[in-house]
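See structure below.
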Amino acid sequence: MANLLLKFSNEFEQRLHPEIKTKLPDLDKYDTIYLGYPTWSGRVPMIFYSLFDKYDFSNKTIVPFTTTGGSNVDESMPYVRELAATSKVTDGFRYNNNDTQLKEFIEQLD
């Protein structure tokens with residue numbers, strides 16, 4: 001775990017955009033993208049910069065949600081909005097193992 005934390009810290013410090021090793025399916029057929037992530041010091045993971053470098057999210061609706069235990073989703077929203085500047089970004093959601101709240105959040109998106 002310590003090596004993983006060091007790797008992520010290094011990515012942030014050097015603003016590295018790590019390689020995406022898995023090819024995503026054709027995103028053209030999706031209008032809405034759910035963007036889930038753990039926040040690191042209130043920021044999105046650097047791999048998201050790689051994701052937005054490689055794929056076109058123009059005119060898509062981005063629904064950000066975080067699974068972090070310590071940070072508020074609002075801390076990371078400026079980064080999401082910057083990455084998804086050509087997309088519609090909804091309010092973010094912090095999932096805390098409450099499926100009822102998650103269901104309510106998804107239903108209010110419609």
Side-chain angles (χ1 to χ4, degrees):
M1 183 66 160
N3 286 340
L4 186 60
L5 290 176
L6 182 60
K7 176 183 182 280
F8 289 133
S9 293
N10 187 41
E11 287 176 1
F12 279 116
E13 288 172 14
Q14 296 185 27
R15 307 237 350 121
L16 298 175
H17 296 196
E19 177 187 355
I20 298 175
K21 296 182 180 182
T22 303
K23 183 173 173 25
L24 294 181
D26 180 13
L27 298 177
D28 288 339
K29 60 185 174 181
Y30 300 101
D31 294 325
T32 302
I33 306 293
Y34 289 83
L35 191 66
Y37 54 95
T39 54
W40 294 83
S41 299
R43 298 193 55 179
V44 297
M46 292 304 292
I47 192 75
F48 281 10
Y49 289 85
S50 306
L51 182 69
F52 280 82
D53 287 345
K54 187 170 184 172
Y55 295 96
D56 182 15
F57 292 93
S58 298
N59 303 313
K60 302 221 181 274
T61 299
I62 306 295
V63 181
F65 69 94
T66 183
T67 57
T68 186
S71 296
N72 185 311
V73 70
D74 293 336
E75 293 177 63
S76 62
M77 290 304 293
Y79 301 102
V80 173
R81 284 189 173 86
E82 176 187 341
L83 285 168
T86 61
S87 307
K88 175 187 173 195
V89 179
T90 70
D91 289 337
F93 179 76
R94 180 173 167 239
Y95 180 70
N96 59 0
N97 295 322
N98 185 325
D99 291 344
T100 301
Q101 282 183 329
L102 175 61
K103 183 179 178 192
E104 289 170 1
F105 173 75
I106 291 171
E107 287 174 351
Q108 64 91 25
L109 292 172
D110 292 331

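Residues: numbered from 1 along the sequence shown.
Under the 4.5 Å side-chain heavy-atom criterion for ILVMFWY residues, a single connected hydrophobic cluster contains both M46 and I20. A chain of hydrophobic side-chain contacts below 4.5 Å, direct or via other Ile, Leu, Val, Met, Phe, Trp or Tyr residues, connects Y30 to F48. A continuous path of ILVMFWY side-chain contacts below 4.5 Å connects I33 to V80, so both sit in one hydrophobic cluster.
More than 12 heavy atoms of other residues, nucleotides or ligands sit less than 6.0 Å from atom CG of N72. Atom NZ of K54 sits in a crowded spot, with more than 12 heavy atoms from other residues, nucleotides or ligands closer than 6.0 Å.
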Exercise for the section: Quick one: do V73 and T39 satisfy side-chain contact (heavy atoms from CB on, under 4.5 Å)? Show the steps, please. Expected result: CA-CA 8 Å; V73 70; T39 54; over 6 Å; no

Practice task
Verify ring-ring contact (aromatic ring centres under 6.0 Å, His included) between F52 and F57, making sure each step is shown before the conclusion.
Solution key: CA-CA 7 Å; F52 280 82; F57 292 93; 4.4 Å; yes

Exercise for the section: Report the C-alpha distance between L51 and L35 in whole Å, list the side-chain angles of each, state the deciding distance to 0.1 Å, and finish with yes or no for side-chain contact (heavy atoms from CB on, under 4.5 Å). Expected result: CA-CA 11 Å; L51 182 69; L35 191 66; 4.1 Å; yes

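Scored by the ring-ring contact (aromatic ring centres under 6.0 Å, His included) test, F105 finds F93 as partners (sequence neighbours excluded).
Applying side chain to side chain contact (heavy atoms under 4.5 Å, CB included) to Y34 and the options L109, I62, T90 leaves one that passes, L109.
One N or O on the side chain of N98 and one on the backbone of Q101 form a donor-acceptor pair closer than 3.5 Å. Using modelled atom types, no side-chain atom of K60 and backbone atom of T86 make a donor-acceptor pair closer than 3.5 Å. Of the possible polar contacts, one joining the T66 side chain to the Y37 backbone as a donor-acceptor pair under 3.5 Å is found.
The two residues L27 and L24 make their nearest non-hydrogen contact at CD1-CD1, 4.4 Å. Taking all atoms of both residues into account, the shortest heavy-atom contact from T22 to Y55 is O-OH, 4.2 Å. When all heavy atoms are compared, the tightest approach of S58 to S87 is N-OG, 4.2 Å.
Considering only heavy atoms from C-beta on, I47 stays 4.5 Å or farther from E19 through its side chain. The side-chain heavy atoms of V89 and P64, taken from C-beta on, include a pair separated by under 4.5 Å. The shortest side-chain heavy-atom distance between T61 and D31 does not fall under the 4.5 Å cut-off.
Between the side chains of D99 and Y95, at least one donor-acceptor pair of N or O atoms lies under 3.5 Å.
One finds the CG atom of D91 at 15.0 Å from the CZ atom of F65 (value rounded to the nearest 0.5 Å).
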